[in-house]
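Inspection log for the structure reproduced underneath, given as structure tokens.
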Amino acid sequence: MQETIIRGIAQLATPTGRSARHGGAMRELSITSGAAVWIEDGVIRAAGKEEAVLSEAAAACDAVRLALSGSPQQETIVLDGKGKCAVPGFIDPHTHFLFGGARAQEFDDRLAGVPYLELLKRGGGIVATMRATRAMDEDALFAAGEKTLRAMLALGITTVEGKSGYGLDRETELRLLRVLRRLDQETPATVVPTYLGAHAVPPEYQGRSGDYVDFICREMLPLVREQGLADFVDVFCETGVFTTGEARKILEKARDLGFMLKLHADEMSSTGGAELAAELRAVSADHLLSVSEAGIRELATGQTVAVLLPATAFCMRMPYAPARKLIDSGAAVALASDDNPGSCYTYSLPLVFALAVIAMHMTAAEALTAVTLNAAAAVGRAEEIGSIEPGKRGDIVLLDAPDYRYLSYKTGLSLVQAVLKDGAIVYEGAAS
């Protein structure tokens with residue numbers, strides 16, 4: 001039995017609960033000074049004031065008692081949290097991190113004023129990445145994905161949602177999903193796979209989006225389900241990409257097959273995506289830069305998590321999603337990187353956290369909830385991760401700072417000193 005003790009923690013800061021926090025409840029953190037955490041076989045057994053936690057652990061386990069008394073025990077790890085803040089492992093609930101190629105020229109063109117939809121028409125955008133991704137075999141994709149996940153772990157990101165969507169054909173989409181499953185099994189990070197076949201209309205279906213939607217519904221969704229390759233199905237519902245009607249058709253078929261649902265909603269134009277996501281009880285509606293007042297009301301009164309991607313707005317020089325209005329209306333808000341090779345080539349949650357607080361007017365407490373418990377809810381995992389409390393997995397980040405508010409105060413810097421995944425140390429390093 002593996003035991004892990006983190007003792008002497010200057011501050012333990014965590015949201016609590018096993019579902020998303022809505023509205024003002026996003027500001028309600030459990031804050032403990034002089035804290036400790038006891039993890040047994042990957043699961044948190046106790047967290048709180050050091051004296052109580054250590055007493056409970058020592059009474060229940062001889063190996064812990066001996067380790068705390070100074071006698072080394074192979075099965076017990078004792079970490080010193082002096083001067084450190086402990087927060088839950090960060091969760092990135094919206095990424096496109098698995099792909100081939102790069103689009104640096106396109107990024108420059110966009111900043112020079114060329115609209116994204118125009119880039120799509122030129123054969124750039126998602127279709128450009130599609131070509132490079134189709135050319136990669138499974139091992140090459142795995143190596144690229146593993147490298148990214150290792151870098152994410154160093155930033156404290158212990159769980160990552162990863163989408164397909166850069167194959168847009170049968171074989172490459174299945175290959176991407178197989179690699180995502182393999183990355184989940186063979187790396188320390190948890191990877192939650194999403195099938196995003198409806199990311200763009202591929203060249204072979206140009207002008208026939210309805211036929212492509214039929215292909216997804218008739219062939220791909222049953223095949224992905226049969227092979228157990230994805231937890232979620234997502235659709236890029238946007239002007240010039242997939243209509244709300246097409247998104248509804250795909251998502252209703254996915255729901256009937258037992259998938260959980262996500263939706264790229266109201267990013268560059270207001271299409272009713274948020275309303276559709278709420279109606280279908282999707283787990284999340286993502287982007288929402290152009291969400292309507294009706295969409296905000298639907299998200300505020302339902303259970304669909306609003307996943308906001310401030311780094312995307314930053315990189316695209318677009319107005320930010322209305323985080324303040326969503327939270328004040330009662331919605332549950334999560335934050336994500338949207339790491340992708342076109343509009344937002346970053347997985348820096350320190351940047352995302354800072355943008356949320358500084359540019360979107362979220363409080364530091366709301367932002368912490370948004371990258372932990374609410375992000376866990378946005379990937380359907382709030383029962384098991386997203387907070388530091390008994391019964392949850394031992395996914396914890398030790399910050400080289402005495403207070404969680406340093407996450408925005410030391411703007412854009414990684415403060416990560418150590419990362420624990422299921423109670424095991426998966427990263428140690430000096431903070432910036």
Side-chain angles (χ1 to χ4, degrees), residues 89-107 126 128-167 171-196 199 229-231 309 311-312 315 335-353 371 375 379 385 395 397-398 412-422 424-432:
F90 301 137
I91 298 155
D92 194 336
H94 182 125
T95 82
H96 307 256
F97 77 88
L98 194 61
F99 57 85
R103 286 151 51 193
Q105 179 61 56
E106 178 184 313
F107 189 78
I126 292 164
T129 300
M130 176 205 76
R131 296 190 187 97
T133 304
R134 285 182 178 182
M136 294 178 73
D137 65 21
E138 200 159 312
D139 288 341
L141 284 167
F142 181 87
E146 183 180 32
K147 181 178 179 181
T148 298
L149 289 174
R150 293 285 181 183
M152 286 181 164
L153 278 172
L155 294 172
I157 304 167
T158 52
T159 297
V160 181
E161 185 261 10
K163 303 179 192 293
S164 70
Y166 289 128
E171 294 307 320
T172 316
E173 286 294 302
L174 294 177
R175 186 186 314 140
L176 286 164
L177 292 171
R178 284 196 302 270
V179 171
L180 288 168
R181 281 293 193 210
R182 188 177 154 202
L183 288 165
D184 178 54
Q185 295 162 0
E186 298 180 25
T187 71
T190 294
V191 178
V192 180
T194 294
Y195 172 58
L196 182 60
H199 197 192
L229 294 177
D231 297 350
L309 312 164
T312 308
C315 289
L335 293 167
S337 71
D338 194 25
D339 177 38
N340 73 82
S343 60
C344 184
Y345 199 175
T346 182
Y347 40 80
S348 173
L349 277 191
L351 172 62
V352 169
F353 197 102
V371 298
V379 294
I385 56 175
D395 295 359
V397 176
L398 275 180
L413 299 180
S414 176
L415 304 178
V416 174
Q417 184 70 55
V419 180
L420 284 76
K421 178 67 179 168
D422 293 329
I425 300 170
V426 293
Y427 173 80
E428 285 185 286
S432 299

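Computed from a prediction, not measured in an experiment: that's the story for all the values here.
- Remark: the backbone N or O of E428 is not paired with any side-chain donor or acceptor of Q417 at under 3.5 angstrom.
- For K163 and D338, the salt-bridge test fails: no basic side-chain N is under 4.0 Å from an acidic carboxylate O.
- In terms of heavy atoms, G167 sits closest to L176 at N-CD1, 3.7 Å.
- Closest non-hydrogen pair, A128 versus R103, comes out as CB-CD, 4.3 Å.
- In this structure, R175 contributes its side chain and M136 its backbone to a donor-acceptor pair below 3.5 Å.
- Rounding to the nearest 0.5 Å gives a distance of 11.0 Å between CG of L351 and CG of L413.
- Summarising the geometry of V179 relative to E138, their closest heavy-atom pair is CG2-CG, 3.3 Å, with the distance given to 0.1 Å.
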Exercise. Evaluate side chain to side chain contact (heavy atoms under 4.5 Å, CB included) for R181 paired with D231, printing each intermediate quantity in order.
Key: CA-CA 10 Å; R181 281 293 193 210; D231 297 350; 2.8 Å; yes
Self-check item: Derivation and outcome, side chain to side chain contact (heavy atoms under 4.5 Å, CB included), residues F97 and L183
Solution: CA-CA 12 Å; F97 77 88; L183 288 165; 3.9 Å; yes
Practice problem: Could you go through the side chain to side chain contact (heavy atoms under 4.5 Å, CB included) check for D339 and T148 one step at a time? | Solution: CA-CA 10 Å; D339 177 38; T148 298; 4.2 Å; yes
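- Nearest heavy atoms, L177 versus P193: CD2-CB, 4.5 Å.
- Counting only heavy atoms from C-beta outward, the side chains of C315 and F107 approach each other to under 4.5 Å.
- L153 has its side chain within reach of P188: a pair of non-hydrogen atoms, C-beta onward, lies under 4.5 Å apart.
- Relative ring orientation between Y166 and H96 is described as tilted, the plane-to-plane angle lying within the 30° to 60° band.
- The two residues L149 and A189 make their nearest non-hydrogen contact at CD2-CB, 4.3 Å.
- With a 4.5 Å cut-off on side-chain heavy atoms, V379 and P93 count as touching.
- Within the 4.5 Å cutoff, side-chain heavy atoms of T159 are placed close to those of K421.
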Exercise. Take Y345 and F99 through the test ring pair (Phe, Tyr, Trp, His ring centres under 6.0 Å) and record every step on the way to the result.
Key: CA-CA 11 Å; Y345 199 175; F99 57 85; 5.6 Å; yes
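- S164 contributes no side-chain N or O that, together with a main-chain N or O of Y195, makes up a donor-acceptor pair within less than 3.5 Å.
- Summarising the geometry, atom OG1 belonging to T194 is positioned 8.5 Å from atom CG belonging to L180; distances are rounded to the nearest 0.5 Å.
- Paired with I385 under the rule side-chain contact (heavy atoms from CB on, under 4.5 Å), one option of T190, T158, D395 passes, and it is D395.
- I157 and Y347 get closest at one heavy-atom pair: CD1-O, 3.6 Å.
- Between T129 and I126 the shortest side-chain heavy-atom distance does not fall below 4.5 Å.
- In this structure the side chain of L349 never reaches within 4.5 angstrom of the side chain of L155, judged on heavy atoms.
- Counting only distance, with no hydrogens or angles, the side chain of S337 and the backbone of S348 share no donor-acceptor pair below 3.5 Å.
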